[in-house]
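First comes the structure, then the notes that go with it.
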Amino acid sequence: MTLPVSSPVRVRFAPSPTGLLHIGGLRTALYNYLFAQKKGGTFVLRIEDTDQGRYVAEAEPDILDSLRWAGLKLDEGPGVGGPHAPYYQSQRKKRYQELAQQLVDEGKAYLAFDTADDIQAMRERLQAAGNASPTYNAATRLQMNNSLACSAAEVEEHLAAGTPFVIRLKVVPGERVLFEDAIRGPVAFDTEGIDDQVLLKSDGLPTYHLANVIDDHDMAITHVIRGEEWLPSTPKHLLLYKAFGWRPPQMAHLPLILSPNGGKLSKRNADRMGIPVSVQQYRAEGYEPEALINFLAFLGWNPGTEQELFSLDELVDAFSIERVGSAGVQFNLEKLAWFNAQHLRQLPLAELAQRVRPELEKAGYEVEDAYLQNVVQAMRERIHRRSDVVNDGRYFFEDPVEYDEKGVAKRWKPDSATLMRLLAETLLSHPDFNAKSLDDAIHAFAEENEVGLGRIMAPVRLALTGVMSGPSVFEMMEVLGREICNRRLKRAAERLG
RNA sequence: GCCGCGUUCGUCUAGGGGUCUAGGACGCUGGCCUUUCACGCCGGUAACACGGGUUCGAAUCCCGUACGCGGUACCA
């Protein structure tokens, strides 16, 4: 059933443009990308826009943008082109119609003129007669209004009258469709349970099943890696490959991403749990693409080693489809936060500063690059998101407007104001304003004034930042500089008394 | 209902008959480091769904049950 080893690997990510790219969609794209890269193959993007009712114009640019942001480069598809263009199903209409007609001509499919009401009536009739799950299939098709049940003359009449019709696959009962899923091993379905699939809708557009099979064949796709929700559709697709006389690609069905409260991670479900769904949301909330990719890769896959932190290239190296699990995986925002902190802190300083800058601008702060780099260096070990640089390190960009009440109550003593004023004066003439020499100077200052270091450090921190947590006081002083330190020490002395 | 897939710590997982008194990571937690907060380091917490087989031996193989998830559209 699989293609010869020699054929070059070609995989595709085939989303429907019905909304913003979903986090689950990105994972599917990622696994396809990793597989293709690992095998030296080709990664194709195809837009499955056959549902006119659900079509959303912004979806496609969003898909492209999201994939780019995540670092998944396309080899073929909209925007980049390729030998199998167009990569839009809406533009391949003719091909589907021809092939559907071919199946009709060969007696493998047929025309059906039934209205939705007709089908509904059939279901009700059979249910009343004791059939628990009636479907449009071999058992019922001859009672329906189609080219199998009607005479040739009646069919002609319908056609002449312009009665809307669909083309259905004639599924032969009593067969067993067996295939080897690359992730879950052998899977079997009886054709008994498969109804006569609609291949071509009455609007002339194909259903997913038809378009998908034809495109995968035409585009020489060797491996179909998609979500588990497609597993029950696979026998339908295999039946179509057989009807066309084509060799099917290797199938691989990824485990679904589950919401922490169980069930598929749908938009609604995720919203309720406070979990972002679209890739754009993650981006807007300040997650790093490297972290999201790393996190997503581990949602259903693991390298079998104890390494957890991976770059995209390292993932390519380590990836194998066999190591993808088959059980559904629960989404865990806390783990993503951890990955984010890890990746954030291993970025080069200049790069980190660049990523933080938009957050500053949002908050209305403007600083020089060199200064920002000093700030992120001081902050990098204690942030989980880039926005934390602003949220937790506001004092790097403006004087504290208030002082932490609990901190003041606990550490600001009656002599603090005097000490801070004195220190400010001392520091004014301090030669080298760097962490090391400030460390020495403040130790000396404490000794001279015959107070413990604790009497100095906490009030200084409060004066400088207004809060009780943050980088080393000396390091911060160096970053802030003489002038600002001087000003803030005096200011705190004044305001806290 | 029917069909299919699945089931190891709360979560992501290692494990593919003996090396498992079940390992790692996130989370939570005790301590060390740090006169802050983090980081880091050292510890702790916590799992093989259940019942039958097969076998000298089962988390690992088979069957059944339970539970979960998916599908069951002229949506993908």
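Letters go in sequence order (proteins before strands), and every chain restarts at 1. Bear in mind that the values here come from a model prediction, so they are computed numbers and not experimental data.
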When you compare [N] with [M], how far apart are their [atom1] atoms, in angstrom units rounded to a whole number?
N     : M     : atom1 : value
B:G4  : B:G10 : C1'   : 29 Å
B:C67 : B:C75 : C1'   : 29 Å
B:G31 : B:A49 : C1'   : 36 Å
B:C48 : B:C12 : P     : 16 Å
B:G53 : B:U72 : C1'   : 34 Å
B:U60 : B:U21 : P     : 15 Å
B:C28 : B:A38 : P     : 11 Å

**Complete:** Per side chain to side chain contact (heavy atoms under 4.5 Å, CB included), A:Leu489 is matched among A:Leu419, A:Leu422, A:Leu464 by A:Leu464

**Message:** Under a 4.0 Å threshold between the charged nitrogen and the carboxylate oxygen, would A:Arg226 count as salt-bridged to A:Glu48?
**Reply:**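 No, this pair does not count.
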
**Asked** Is A:Asp218 salt-bridged to A:Arg92, cutoff N-O under 4.0 Å?
**Response**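 Yes.
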
Return the value, rounded to whole Å, for the distance between atom [atom1] of [X] and atom [atom2] of [N].
X        : N     : atom1 : atom2 : value
A:Ile275 : B:U11 : CD1   : C1'   : 12 Å
A:Phe339 : B:U13 : CZ    : C1'   : 11 Å
A:Phe474 : B:C37 : CZ    : C1'   : 15 Å
A:Leu126 : B:C2  : CG    : C1'   : 15 Å
A:Glu475 : B:U36 : CD    : P     : 14 Å
A:Ile194 : B:C2  : CD1   : P     : 18 Å
A:Leu309 : B:G40 : CG    : C1'   : 15 Å

**Asked** Which pairs with one or both residues in residues 181-195 of chain A pass salt bridge (Lys or Arg N to Asp or Glu O under 4.0 Å), sequence neighbours excluded?
**Response** A:Arg176-A:Asp190, A:Arg184-A:Glu228

**Prompt:** Does any pair with a residue in residues 324-334 of chain A pass salt bridge (Lys or Arg N to Asp or Glu O under 4.0 Å), and if so which ones, sequence neighbours excluded?
**Reply:**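 Counting only pairs at least two positions apart or across chains, no salt bridge (Lys or Arg N to Asp or Glu O under 4.0 Å) contact touches residues 324-334 of chain A.
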
**Request:** Please identify each residue that fulfils ring-ring contact (aromatic ring centres under 6.0 Å, His included) with A:His384, with sequence neighbours left out.
**Result:**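 Expected list: none.
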
Suppose we screen for side-chain hydrogen bond (donor to acceptor under 3.5 Å, both in side chains). Which residues come up paired with [X], at least two apart in sequence or across chains?
X        : answer
A:Arg268 : none
A:His158 : none
A:Glu402 : none
A:Lys267 : A:Asp271

Using a cut-off of 4.0 Å on non-hydrogen atoms, how would the nucleic acid contact of [X] be classed: base, sugar-phosphate, or nothing?
X        : answer
A:Ala188 : sugar-phosphate
A:Arg380 : nothing
A:Gly325 : nothing
A:Arg323 : sugar-phosphate
A:Ser326 : sugar-phosphate

**Sequence-aligned protein contact record of nucleotides 63-76 of chain B, with B where the base is within under 4.0 Å of a protein heavy atom and S where only the sugar-phosphate is** = ------SBS--BBB

**Asked** What string of B, S and - do you get for nucleotides 24-32 of chain B, 5' to 3', if B is base contact, S is sugar-phosphate-only contact and - is no contact with any protein heavy atom under 4.0 Å?
**Response** SBSS-----

**Request:** May I have all residue pairs that pass side-chain hydrogen bond (donor to acceptor under 3.5 Å, both in side chains) and include part of residues 115-131 of chain A, sequence neighbours excluded?
**Result:** A:Thr115-A:Asp118, A:Gln120-A:Glu124, A:Arg125-A:Gln143

**Message:** Show me the pairs that pass side-chain hydrogen bond (donor to acceptor under 3.5 Å, both in side chains) and involve residues 391-401 of chain A, at least two apart or across chains.
**Reply:** A:Tyr365-A:Arg394, A:Tyr365-A:Glu398, A:Asp399-A:Arg487, A:Asp399-A:Arg488

**Prompt:** On RNA chain B, nearest-nucleotide positions of A:Gln330 versus A:Gly470: which is more 5'?
**Reply:**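 Its nearest nucleotide being more 5', the pick is A:Gln330.
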
**Prompt:** Of A:Val473 and A:Pro255, whose closest RNA chain B nucleotide lies nearer the 5' terminus?
**Reply:** A:Pro255

**Item:** Pair of N/O donor and acceptor under 3.5 Å linking B:C37 base with A:Arg382 side chain
**Value:** yes

**Asked** Out of B:U13, B:C39, B:G15, which has the shortest distance to the side chain of A:Asn302?
**Response**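 Among the listed nucleotides, the one closest to the side chain of A:Asn302 is B:U13.
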
**Request:** Give, ordered by number, those residues of residues 20-31 of chain A having at least one heavy-atom distance below 4.0 Å to an atom of RNA chain B; if nothing qualifies, reply none.
**Result:**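 Contacts with RNA chain B under 4.0 Å: none.
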
**Message:** So, applying ring-ring contact (aromatic ring centres under 6.0 Å, His included) with A:Phe295, which one of A:Tyr287, A:Trp301, A:Phe310, A:Phe331 is it?
**Reply:**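 So the option named by the test is A:Phe331.
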
